[in-house]
Amino acid sequence: MKITEKIIEKHGLKKEEYENIKKLLNRNPNLLELGIFSAMWNEHCSYKSSKIHLKKLPTKGKQVIQGPGENAGVIDIGDDDAIVFKIESHNHPSYIEPYQGASTGVGGILRDVFTMGARPIALLNSIHFGSPSHPKTKSLLNGVVSGIGGYGNCIGIPTVAGETKFNETYNENILVNAMAVGHAKKNKIFYSKAKGLNKSVVYVGSKTGRDGIHGASMASAEFDENSEEKKPTVQVGDPFTEKLLLEACLELMKDDSIISIQDMGAAGLTSSSVEMASKGSLGIELELDKVPCREENMTPYEMMLSESQERMLMILEDGKEKHAKQIFEKWDLDFVIIGKTTNTKKLTLKYKNKIEGEIPIDALAANAPIYDRKWSKKKNEKNTIDFKKLKKIKIEDALIKILSSPNHSNKSWITDQYDQMVMCDTAQRSGSDAAIIRIHNKDKAIAVSVDSSANYCKSHPLTGGKQIVCENWRNLITVGAKPLAITNCLNFGNPENEDVMGEFAECLEGIKKACEFLNYPIVSGNVSFYNGTNKKNIFPTPVIGGVGLIKKIFKPIGHSLKKDKSFLILIGKTFGHLGQSCFLQENYSITEGKPPEVNLTNEKNNGEAVLKLINENLIDSAHDVSNGGLLVALSEMTISSNLGVKIEKPKKLNNTIEYFFGEDQGRYILEIGERNFKKVEKILKTGNIFYEKIGVTQQEFFEVEGELKIAKNDLFKINNQWYNNY
Amino acid sequence: MEKLFQLNSKKNKLKFSVIVTLKKDVLDPQGKVVQNTLANLGMDNLKSIRQGKYFEIDVEEQDQVKAEEKVNQMCEKLLVNLIIEDYKIDKVK
Amino acid sequence: MEKLFQLNSKKNKLKFSVIVTLKKDVLDPQGKVVQNTLANLGMDNLKSIRQGKYFEIDVEEQDQVKAEEKVNQMCEKLLVNLIIEDYKIDKVK
Amino acid sequence: MKSCVIVFPGSNCDRDIATALEKMQFKNKMVWHKETALPKSDLIVIPGGFSYGDYLRSGAIAGKSIILDEVIKAANSGCLILGICNGFQILTETGLLSGTLLRNKKLKFINKDVNIKVMNNKTKFSSNYRLNQVLKINIAHNEGNFFTNEKHREQLKKEDLIAFKYCDEKGDISERVNPNGAMDNIAGIYNSKKNILGMMPHPERMIDEMISNTDGINLFKSLLN
Ligand SMILES: Nc1ncnc2c1ncn2[C@@H]1O[C@H](COP(=O)(O)OP(=O)(O)O)[C@@H](O)[C@H]1O
Ligand SMILES: [Mg+2]
């Protein structure tokens with residue numbers, strides 16, 4: 001079969017890349033080999049546009065056991081416990097088929113975590129949709145939410161936190177990012193690096209079908225006109241099989257049978273075998289006749305590029321095959337030795353006793369292209385908003401507008417569809433700043449949260465990058481956890497566009513600065529480029545997933561108010577920054593302006609002070625002030641509890657709108673019992689932390705003196721109607 | 001008069017069945033498990049089983065062509081996920 | 001010889017369809033929601049809709065009566081919950 | 001008191017119930033569904049989860065496994081059987097309990113804490129509760145919409161076989177607080193000998209103040225009496 005220009009193009013390879021392939025091979029590739037190159041060299045597997053930027057990120061720290069480069073990151077949480085976690089995007093598949101796209105996204109990220117020997121203990125997600133009035137949004141939202149729930153609920157891992165946002169920038173390209181967190185024993189982590197010659201390469205899990213072979217289907221339709229047209233098929237998730245795979249893997253991992261293990265994710269058998277061999281500087285030989293297939297007459301090309309779900313590749317120690325097979329058969333799963341490791345440093349593919357393809361591993365991995373793409377710096381936006389020209393609005397009306405908007409409405413319509421309690425260690429469910437998961441049978445816990453701020457990142461990528469790391473950090477602090485490390489999912493537009501690449505470079509710079517300052521390293525992540533349509537790229541949307549540690553958990557602290565007549569204090573200075581605020585967006589549809597400054601020193605000091613207060617058991621509830629500002633944060637505390645608040649009129653700022661809706665960073669609201677107030681003041685004063693007493697808790701009413709007084713139940717209703725009516 | 005009305009109302013209703021099946025090559029996790037279970041229950045000469053959905057739809061409409069068009073719309077708008085499923089409409093007598 | 005064998009193997013397989021529906025007096029929450037949703041989508045002359053399951057079963061068996069008996073057993077043993085569901089077997093050509 | 005928990009492929013609350021039983025001082029064993037004999041037990045628990053992925057009908061495939069023959073034998077000889085959530089669905093599929101669990105009326109999975117009312121406190125499962133006591137227990141299911149024929153419905157009432165009903169905080173039972181459409185707000189039922197309890201809410205999730213509350217504890221304590 002002749003490799004035409006069309007075929008090369010259909011495989012997403014550039015002309016120069018094809019020339020490069022020929023050079024590396026010293027000959028022309030055949031179709032199978034071309035398919036393999038195209039899979040390994042695409043953006044998703046090779047990170048060719050992002051690699052040089054990602055290299056700059058801080059990935060080390062005392063707490064880091066394994067940074068980026070493995071299936072997931074691993075951190076130390078003391079004793080013999082480790083936490084394994086990662087976030088991944090499934091944006092494009094979810095737009096095509098929301099239920100299956102989202103559910104296979106969850107399945108994929110879970111495999112990344114349990115391949116490393118961890119039992120998954122929590123799922124999170126960050127989902128972004130287009131405008132609620134866009135005709136597709138409703139069914140996409142429904143499909144994605146039930147897909148996420150469908151997978152997590154069935155496999156029995158609690159979905160405990162996430163974020164849901166609407167913005168017309170995602171009209172044609174929604175974002176579905178899923179994060180999984182697992183628990184492992186520190187000395188029982190499994191890696192993907194192959195070791196040893198002539199070891200059995202074993203295929204386990206589901207059978208291989210023609211799922212997601214895009215290049216293949218298109219190419220074959222082109223040059224094989226007589227054959228029945230093969231449509232690209234959507235991957236269907238099978239959480240039941242994944243549950244079996246999870247249990248079987250963990251059972252086998254109890255002893256030392258496994259040398260190396262890798263899930264088959266994107267580019268399936270190809271990327272898993274190449275990755276194992278590449279890390280171990282070995283070769284791999286596969287006999288494709290042995291691959292368990294679901295459909296008849298599958299070709300080597302299809303087997304190598306299939307993205308069928310719920311499959312794994314393992315390399316086993318000599319003599320352990322029988323024992324391992326027994327375990328997988330107990331769980332009704334396929335177990336087949338399909339090849340062996342070699343010293344050739346080549347990927348060798350045999351089919352029907354013939355070598356159908358042979359490629360040096362280095363050509364696929366180490367020598368994959370890397371691009372230093374052109375990028376341009378974002379021009380500083382001038383703060384053009386003339387507040388005097390805006391129509392006057394009452395604080396109460398503005399607040400109601402925000403609380404009843406799609407972006408700020410209560411998310412229980414979503415979270416009630418997720419099993420948050422299975423495994424019985426969820427000490428704090430969705431609804432607070434971070435979820436808390438207790439480590440099974442111990443009295444320590446981890447806190448988890450995912451965050452993004454696309455508007456900030458669009459307006460000023462550098463500040464936006466810093467801000468999301470800080471917001472995520474704050475969310476863990478407010479539940480009393482020491483933030484340890486993060487994973488990140490970088491959702492951006494077309495990297496061949498200089499502005500998009502600029503957003504990427506600057507966001508990353510911001511993330512880097514904040515992570516370094518806060519000693520909050522990045523241990524895993526994922527890049528998703530090409531989000532958007534030909535002409536319109538999505539807003540830059542990096543998503544941060546953080547994990548923190550609560551060394552000894554007594555009672556989970558959240559943001560719902562606990563006692564009547566407590567003091568409410570605000571940590572951090574309020575300047576009243578309204579640029580990029582949701583006050584302007586929801587009330588005036590103004591999206592211009594700069595995001596609030598991020599002062600890393602203040603962030604760190606304020607956060608550490610709050611953590612100290614919580615650790616000394618002086619705080620009854622805590623909430624960070626972010627999107628929406630002070631009044632929205634106070635409303636959230638009220639709505640999630642049985643109490644109201646009575647807030648004093650601000651003394652210094654004369655513009656109450658700025659005071660109540662400004663989105664200045666580094667701020668927290670704390671509820672403190674009167675008897676603890678002196679102690680708290682002392683600690684804050686010694687730490688040189690700016691704070692002000694803003695009011696007290698009370699029964700029944702949400703009140704700002706002289707401005708507004710709303711019954712608590714009404715506030716609840718305002719916040720809870722949107723999803724139910726949508 | 002009474003009788004005439006009844007007659008009319010009978011005529012007004014047309015009944016259709018819709019069978020929705022997964023497209024070829026799309027994974028059918030349910031079918032797989034059901035097949036294994038049946039085999040375990042001793043149903044050895046079962047060759048293959050695939051599971052789909054079935055709808056019975058009554059439409060208030062006299063014109064069969066129009067009615068079928070309605071049913072078709074229901075399939076495309078809601079009942080069928082066209083990306084992974086095929087469907088077949090039949091008139092029920 | 002080759003040909004004969006193929007012929008036989010073709011004959012050996014019989015295809016059936018099974019339609020499983022909820023009994024009349026059993027609540028059909030799914031059908032109800034689907035009906036409401038369709039009404040909201042503007043499908044106003046929808047009279048009623050009920051949802052069921054559909055199976056396509058291949059049996060390795062030459063004798064149609066025996067084959068149908070097999071399918072019937074599958075239904076009674078697993079596919080149908082006889083307390084709440086009815087079923088109907090058809091031969092597919 | 002000896003207990004055992006039957007584990008099917010896809011069960012996912014098996015560890016949770018085992019943890020609860022052990023915490024409550026039961027001597028518990030796990031039983032894989034392919035086993036052909038049960039350990040000697042006073043209580044057999046069929047746990048929640050998605051046995052066989054809930055494919056076909058929830059509980060249907062697990063209901064056909066060989067170990068269920070042993071469970072049926074044990075049930076007939078008076079052994080206590082507790083089916084939670086998917087376990088309840090399995091019990092109705094095997095006929096150990098009558099009725100069935102249909103899709104939730106809104107066709108959505110529901111996970112939340114709901115109030116249920118103790119309708120009978122004279123059974124081995126409920127003696128530690130007060131009659132009409134209101135409990136707050138977590139539910140998590142797709143198919144919890146209890147349905148049965150009129151005859152069985154009458155029998156449930158006449159013989160006092162309704163274990164729990166969905167209600168509000170005060171104990172009022174109404175359609176408004178019915179999370180899934182269940183007939184008569186029924187959340188759990190007994191067989192006529194009252195040695196089998198099937199319930200949709202998860203008592204094993206409510207034994208620890210740190211995680212939720214302790215409203216589930218008295219179910220286990222009752223069993224220990
Ligand atoms: N898709 C989702 N999945 C799970 N939880 C969600 C989802 N969307 C929102 N939540 C939960 O709703 C609450 C509010 O979310 P958000 O306003 O983004 O919180 P924050 O501003 O503190 O990050 C959080 O507890 C979050 O975990
Ligand atoms: Mg927050």
Side-chain angles (χ1 to χ4, degrees), chain C residues 15-44 46-60 67-90 92, chain D residues 8 51-66 68-69 88-110 141-155 175 178-186 189 198 200:
Chain C
K15 206 185 200 60
F16 294 87
S17 76
V18 177
I19 288 170
V20 181
T21 46
L22 280 176
K23 287 198 164 128
K24 278 242 168 56
D25 54 350
V26 176
L27 184 79
D28 176 16
Q30 222 154 325
K32 221 161 124 188
V33 170
V34 169
Q35 179 157 2
N36 288 342
T37 314
L38 285 170
N40 289 342
L41 288 173
M43 311 267 97
D44 34 17
L46 169 66
K47 185 88 200 308
S48 88
I49 182 165
R50 278 178 82 81
Q51 183 165 348
K53 287 184 199 131
Y54 173 82
F55 298 94
E56 216 165 77
I57 304 178
D58 289 353
V59 189
E60 248 165 319
E68 195 162 333
E69 182 42 38
K70 283 273 170 209
V71 175
N72 196 45
Q73 274 180 31
M74 293 178 198
C75 290
E76 303 210 336
K77 276 199 177 169
L78 182 71
L79 302 180
V80 185
N81 180 346
L82 295 168
I83 302 167
I84 51 166
E85 294 172 328
D86 290 325
Y87 67 101
K88 204 173 111 232
I89 302 174
D90 274 312
V92 179
Chain D
F8 298 99
S51 60
Y52 296 94
D54 265 4
Y55 297 145
L56 192 62
R57 295 179 307 276
S58 43
I61 296 175
K64 302 295 175 232
S65 53
I66 5 172
L68 250 296
D69 296 340
F88 186 9
Q89 293 159 343
I90 293 170
L91 290 176
T92 60
E93 277 287 340
T94 55
L96 281 174
L97 288 174
S98 302
T100 186
L101 294 142
L102 300 168
R103 284 288 297 276
N104 296 343
K105 72 178 167 206
K106 286 193 179 151
L107 304 190
K108 285 194 164 36
F109 187 94
I110 313 172
H141 57 248
N142 255 323
E143 276 115 357
N145 186 346
F146 180 79
F147 182 85
T148 194
N149 59 35
E150 275 311 312
K151 204 171 132 221
H152 182 226
R153 188 182 183 180
E154 280 309 309
Q155 189 198 4
E175 191 49 39
N178 185 340
N180 51 27
M183 180 181 267
D184 300 330
N185 282 38
I186 289 174
I189 59 166
M200 290 314 296

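Every chain is numbered from 1 and lettered A, B, ... according to where its sequence line falls, protein lines coming before strand lines.
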Of the listed D/Met183, D/Arg57, D/Arg103, the one with the largest count of heavy-atom pairs under 4.5 Å with chain C is D/Arg57
Side-chain heavy atoms of C/Leu78 within contact of D/Lys64, under 4.5 Å:
yes
Side chain, backbone, both or neither: which part of C/Glu85 has a non-hydrogen atom closer than 4.5 Å to chain D?
side chain
With only heavy atoms counted, which part of C/Lys23 is less than 4.5 Å from chain D, the side chain, the backbone, both or neither?
neither
With a 4.5 Å heavy-atom cut-off, do C/Val26 and D/Thr100 have their side chains touching?
no
Separation between CD1 of C/Ile83 and OG1 of D/Thr92, rounded to the nearest 0.5 Å
8.0 Å
Check each atom of C/Asn36 against the heavy atoms of chain D and say whether the ones under 4.5 Å are side chain, backbone, both or neither.
neither
Non-hydrogen atoms of chain C under 4.5 Å away: do they reach the side chain of D/Asn149, the backbone, both or neither?
neither
Go through the atoms of D/Glu150 and report whether side chain, backbone, both or neither lie under 4.5 Å from a heavy atom of chain C.
neither
Heavy-atom closest pair (C/Pro29 atom, D/Asn104 atom, distance to 0.1 Å) is CB-O, 4.2 Å
Spatial distance of atom CG (C/Leu27) from atom CZ (D/Phe146) [nearest 0.5 Å]
12.5 Å
Please examine the side chains of C/Phe55 and D/Leu56, heavy atoms only from C-beta on, and report whether any two atoms are closer than 4.5 Å.
yes
Any non-hydrogen side-chain atom of D/Lys105 less than 4.5 Å from a side-chain atom of C/Lys32?
no
